[in-house]
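In this text, all values refer to a predicted model and were calculated from it rather than measured experimentally. Whatever order the structure lists them in is the order used to number ligands and atoms, beginning at 1.
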Amino acid sequence: MPAQRLMPTEESTDLIELTRSIVDKELRPVIADLDASATFPRDVFRTLGRAGLLSLPYPEEFGGGGQPYEVYLQALEEIASASASVGVGVSVHALSCFGLFTAGTEDQKQAWLPEMLSGELLGAYCLSEAHAGSDPAAMRTRAVRDGDDYVITGAKAWTTHGGRADFYKVMARTSDDGSRGISCFLVPADTPGLTADNPEQKMGLMSSTTATMLFDGVRVPAERRLGAEGQGLPIALAGLDAGRLGIAAVATGLAQEALDVAVAYAKEREAFGKAIIDHQGLAFVLADMAAAVESARATYLAAARLKDAGRPYSRQASIAKMVCTDNAMKVTTDAVQVLGGAGYTKDFPVERFMREAKVMQIFEGTNQIQRLVISRSLAR
Ligand SMILES: Cc1cc2nc3c(=O)[nH]c(=O)nc-3n(C[C@H](O)[C@H](O)[C@H](O)COP(=O)(O)OP(=O)(O)OC[C@H]3O[C@@H](n4cnc5c(N)ncnc54)[C@H](O)[C@@H]3O)c2cc1C
C-alpha cells in the first residue's frame, strides 16, 4: 500500500506520482537480481537523473528541481522503498553537491553545479578514513599546496560510489591544526593518481558499491578548493546535517516496504484455521510496525520543515536520523518475524531489508554519534 502523503502543492503530488511510476517500472522489477549479483545499477541512476530525481533539492537556476526538503525527502523515500541501495545513492549524490552549493563562489557554482545536477553525473563524498570514522578530525589524508595546485595523498575509506562516481567531494588535511586544519576539494574522477581499491564485501546494500579511494599525488588546481583553507570540516558537517535527513527518509521508505510485505503476507498466510493477521498477537506486531513507520516519517518531515524555513535544524536532523533508522531496524526485524521461516529465506525480500536497515544505524554518523550531537545541543 503506498504511503499516505499530504503534499504541500499539486505539483509536488504529481512529482510523487511520477517518482512512483518510474520506480515501479525501472527499479522494482530488477532490484532482487541487482542485489543478488551485487551489480551497481548505473543505468538506473541515469534514468532517475534524466527525470530530474537526482537534483530535486537544488535551485532551478543551477539545473536543480527547486524543491523544498519536505518534498525531496518524500520522493527519496519512494525511491528507497523500491531499493535502499539506490535511495542511499541518490542521497549521497545530493550530499556530494552540497559543499559546492553552500560554500562555493558564484564562479565555481556557475562552472560546475549545472553539470553535477544534470543527472548525467554521479557524485561521492570522501570524509571517513580507516582510523577516522566517528572522529573525522583525526584524518591523515593531506593536501599540500604546490604553486597553483594542491597535491592530495592518502586514502579515504568507505566511499559510497567509490570507483563509480564522476566526481568526489574530498576532505583533506591542509595543516596540523586539528579540526581547523581540514579543507574541502572537488576532484574529478579522471584526475591522475586517483584510483579505487577493491569494493568492500558487505552484508547489505549489495548493489551500492563501497570502496576506499586511493590518492597517490592527486594534483588539483587550487580553484577546486571549496571555501577557505581550514573550513573543510564545517563544510562537511553542514552537508551531513542535510545528508542525515536523506538517510532518515531512505530508512523510512525501507521500513514502509517491510511493513507492506508483512501485511500482505499476514492476510494470506493461515494458521489455526484463520489468516495470521486475525490473531491479535500478530496483528499488534503489525500495528506497532505501522506506528513506527508513521512516527518516523513525521519526525523527518518536522526536521525538513525547519530546514526549509531557514531555521537551525542540526539537532532535529540527528533526532530524525536516529529515530528513523532505529525504527527501520525494528520494523524490518519484525517483518522477518511476521513471515516466520519464510522470512528467513531469500524467497522473500524481508531478510534483505533487515540487512539493509543495519547500515543505516552506522553511516553518516553512527546512532551513538547522533546521541552525542543531540545531548551536546541540550547541554549548551
Ligand atoms: C556501507 C557504508 C557506506 C559508507 N559510505 C560512506 C561515504 O560515502 N563517505 C564517507 O565518508 N563515509 C562513509 N561510510 C563510513 C561511515 O560513515 C563510518 O563507518 C561511520 O561514521 C563510523 O565510523 P567507523 O566505522 O570508523 O566506526 P568507529 O568510529 O570506529 O566506531 C566504532 C563504534 O564506536 C562507537 N563510538 C565511536 N566514538 C564514540 C563516542 N564518542 N561515543 C560513543 N560511541 C562511540 C561508534 O558508534 C561505533 O559503534 C560508510 C560506511 C559504510 C558501512
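- Using 4.0 Å as the threshold, L205 has no heavy atom nearer than that to any atom of ligand 1.
- Looking at every heavy atom in both residues, T39 comes nearest to S207 through O-CB, 3.0 Å.
- Shortest non-hydrogen contact noted between A249 and E77 is O-CG, 3.3 Å.
- Not one N or O of E129 is nearer than 3.5 Å to an N or O of ligand 1, by distance alone.
- Here Y69 and Y72 bring their ring centres to under 6.0 angstrom of each other.
- Each of the following atoms of ligand 1 lies closer than 4.0 Å to a heavy atom of T366: 22 (C), 46 (C), 47 (O).
- For T209 and R164, the side-chain atoms include at least one donor-acceptor pair closer than 3.5 Å.
- If you check which protein heavy atom lies closest to atom 26 (O) of ligand 1, you get G133 CA, 3.3 Å.
- Every atom of ligand 1 is numbered from 1 in the order shown, and the set under 4.0 Å from a heavy atom of V359 is 1 (C), 53 (C).
- Per-atom contact check: atom 42 (N) of ligand 1 does not touch the protein, criterion being a heavy-atom distance below 4.0 Å.
- Note: M139 CE to R173 CZ = 7.0 Å, rounded to the nearest 0.5 Å.
- The distance from ligand 1 to the heavy atoms of I362 drops below 4.0 Å at these ligand atoms: 20 (C).
- Taking distance alone, with nitrogen or oxygen atoms compared against 3.5 Å, W158 approaches ligand 1 more closely than that limit.
- Closest protein heavy atom to atom 2 (C) of ligand 1: F363 CD2, 3.6 Å.
- Counting only non-hydrogen atoms, the option in V92, V88, I369, L240 that gets closest to atom 40 (C) of ligand 1 is I369.
- Not a single N or O atom of T159, backbone or side chain, sits closer than 3.5 Å to an N or O atom of ligand 1.
- Distance from atom 36 (N) of ligand 1 to its nearest protein heavy atom, with residue and atom name: S134 OG, 4.3 Å.
- At a threshold of 4.5 Å between side-chain heavy atoms, the hydrophobic network of Ile, Leu, Val, Met, Phe, Trp and Tyr places V92 and L205 in one connected group.
- Counting heavy atoms closer than 4.0 Å to ligand 1, residue T160 contributes atoms from both its backbone and its side chain.
- Side-chain contact between E78 and Q74 is absent, with no heavy atoms from C-beta onward closer than 4.5 Å.
- Only the side chain of K202 comes within contact range of ligand 1, with a heavy atom under 4.0 Å; no backbone atom does.
- Atom 9 (N) of ligand 1 has as its closest protein heavy atom Y125 O, 2.8 Å.
- Side-chain atoms of E229 do not come within 3.5 Å of backbone N or O of S183 as any donor-acceptor pair.
- Closest non-hydrogen pair, L194 versus P188, comes out as CD2-O, 3.8 Å.
- If you number the atoms of ligand 1 from 1 as listed, the ones under 4.0 Å from a heavy atom of L127 come out as 11 (O).
- Counting the atoms of ligand 1 from 1 in the order shown, those under 4.0 Å from a heavy atom of E364 are 17 (O).
- For atom 32 (C) of ligand 1, no protein heavy-atom neighbour is present inside the 4.0 Å cut-off.
- Applying side-chain contact (heavy atoms from CB on, under 4.5 Å) to I247 and the options V359, L95, T325 leaves one that passes, T325.
- Nearest to atom 16 (C) of ligand 1 by heavy atom, out of S128, G123, G365, is S128.
- Separation of atoms CD1 (I277) and NZ (K267) is listed at 6.0 Å; rounding is to 0.5 Å.
- The nearest heavy-atom contact from the protein to atom 45 (C) of ligand 1 is Q368 CB, 4.3 Å.
- Relative orientation of the F45 and F40 rings is parallel, given thresholds of 30° and 60° on the angle between their planes.
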